[in-house]
Amino acid sequence: MNVWGVHNNALTTELTDEGFISIGWDELGALTDIPGGREGLKARLTELNPDAKPRSIAGQAGVLIRFRDEMSVGDVIVAPFKPTSTINIGVVTSDYYFEASAPFHRHRRHVEWKQIGLPRTVFTQSALYEIGSVLAVFRIRNHTDEFLAALQSAGGSVEQVSQAVEKKVIETQSSEDSDDEPRASRIERHTRDFVLEALHKRLSHQEFEDFTAALLRALGYQARSPSTRRTVGWMSSPTAILSAWNPLLSRCSASITPARSGRPRYSS
């Protein structure tokens, strides 16, 4: 059994609603009609894209070979879902097929999804680095235990899944440094993951309230927390910032209300 990472930026909820994974390259037609293995695919890709560089052709052929030939029924799929910054995990239940009636992304396999919408904070940072591959289809080799632990916790709460993954990480932890270093293009996502993990796991309730109040003061709001009960001056109050921070503030049972001058005040 192999564990595969699959990126799909073309389709969204239909992947989980209808139970499949898919890739592009629709112009090739059914991949089962192209003989000759990897070299046959490279020849067909070159025919359709004569100006493409050999390295690009080889990379594309590799993705197609993995999806058509190397992936098998029973393999595990780890699919990052960009719109909600979550991760879906499932099991392949069919061979490759070509969905000719689909408007696009016609190369497909059926998948039974076991975990849908897992927060990225469930997994270690090095595991997130690994599934941040730029390839559409790739083997996950270094952190399979984490994703299998999450798969085997299907039906449990997010907290239970997190505990199962953490337990597996402790069991398999190595003293060697990870080789899964982030690429420059992924620094923003990795930084966001680190901050979310720190807020989720490293701050107490009180520390989180103090942090939120201090951050709002830095943004120009009038804010106070239970530990200080003091207010400071502020400037303007853009509605967009209020909307973005309301979900975060709800964690510490806080609300933003208008001050007497009609500007917002944060209180807990």
Side-chain angles (χ1 to χ4, degrees), residues 1-8 11-22 66-67 70-94 108-133 135-176 178 180 182 186 189-190 192-205 208 247-248 250-251:
M1 178 188 68
N2 293 319
V3 180
W4 301 92
V6 178
H7 290 294
N8 191 322
L11 300 176
T12 55
T13 55
E14 52 266 65
L15 295 169
T16 52
D17 291 345
E18 299 176 30
F20 67 91
I21 52 174
S22 64
R66 287 190 285 275
F67 194 83
E70 296 179 7
M71 193 178 288
S72 301
V73 173
D75 283 355
V76 174
I77 300 298
V78 178
F81 187 55
K82 193 172 182 179
T84 57
S85 195
T86 56
I87 295 172
N88 302 325
I89 301 177
V91 177
V92 177
T93 59
S94 80
R108 302 185 176 188
R109 281 178 179 266
H110 290 302
V111 170
E112 181 181 353
W113 297 105
K114 301 291 189 178
Q115 294 281 16
I116 297 176
L118 286 177
R120 292 172 64 87
T121 51
V122 166
F123 305 99
T124 62
Q125 195 63 52
S126 57
L128 297 177
Y129 291 157
E130 185 171 12
I131 63 172
S133 171
L135 299 175
V137 181
F138 54 95
R139 277 279 301 278
I140 296 175
R141 302 177 185 274
N142 299 327
H143 300 86
T144 57
D145 287 344
E146 290 189 41
F147 298 111
L148 291 177
L151 175 69
Q152 292 160 5
S153 301
S157 66
V158 171
E159 184 63 28
Q160 290 172 325
V161 175
S162 296
Q163 291 173 356
V165 171
E166 185 174 359
K167 180 180 179 181
K168 182 58 67 175
V169 169
I170 293 173
E171 291 175 355
T172 60
Q173 193 169 23
S174 169
S175 59
E176 298 179 2
S178 172
D180 300 310
R186 298 183 305 207
R189 170 58 65 84
H190 298 326
R192 181 177 183 275
D193 290 336
F194 174 81
V195 172
L196 286 175
E197 181 182 14
L199 292 175
H200 181 67
K201 297 181 179 179
R202 301 183 188 179
L203 296 186
S204 67
H205 182 89
F208 189 86
L248 187 60
S250 66
R251 174 174 170 178

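This structure is a prediction, so every number in the text was calculated from the model and none was measured.
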Take a 6.0 Å sphere around CD of Gln163 and say whether it holds more than 12 heavy atoms from other residues, nucleotides or ligands. yes

Closest non-hydrogen atoms of Ala149 and Lys168, given as atom of the first, atom of the second and distance, are CB-CB, 4.0 Å

Is the closest side-chain donor-acceptor distance between Glu14 and Thr12 under 3.5 Å? yes

Distance in Å, Glu166 CD paired with Glu146 CD, rounded so as to fall on 0.5 Å steps: 10.5 Å

Checking the side chain of Ser94 only, and the main-chain atoms of His110 only, is there a donor and an acceptor separated by less than 3.5 Å? yes

Are the side chain of Asn2 and the backbone of Asp75 linked by a donor-acceptor contact shorter than 3.5 Å? no

Where the side chain of His7 meets the backbone of Gly132, is there a donor-acceptor pair that is under 3.5 Å apart? no

Would you mind reporting whether Ile140 and Phe147 have side-chain heavy atoms less than 4.5 Å apart? yes

Please name the pair of heavy atoms, one in Phe67 and one in Val137, separated by the smallest distance, quoted to 0.1 Å. CD1-CG2, 4.0 Å

How about Ile87 and Arg120: do any of their side-chain heavy atoms sit closer than 4.5 Å? yes

Is there a side-chain contact between Arg109 and Ile21 (heavy atoms, below 4.5 Å)? yes

Closest heavy-atom pair and its distance - Val161, Gly156: CG2-O, 4.2 Å

Result for side-chain contact (heavy atoms from CB on, under 4.5 Å) between Met1 and one of Val73, Val91, Thr144, Leu148 points to Leu148

Heavy-atom nearest pair, Leu11 first then Arg108, reads CD1-NH2, 4.3 Å

Starting at CZ of Phe81, measure out to CG of Asn8 and round the result to the nearest 0.5 Å. 9.5 Å

Using a 4.5 Å cut-off on heavy atoms from C-beta on, say whether the side chain of Val111 contacts that of Leu15. no

Go through the structure and list residues passing side-chain contact (heavy atoms from CB on, under 4.5 Å) with Ile116, not counting sequence neighbours. Thr16, Asn88, Trp113

Write down the atom of Leu118, the atom of Ala150, and the distance for their closest heavy-atom approach. CD1-CB, 4.1 Å

For Glu70, side-chain contact (heavy atoms from CB on, under 4.5 Å) partners two or more places apart: Trp4, Arg38, Ile65, Arg66

Just by distance, do the side chain of Glu130 and the backbone of Asn142 share a donor-acceptor pair under 3.5 Å? yes

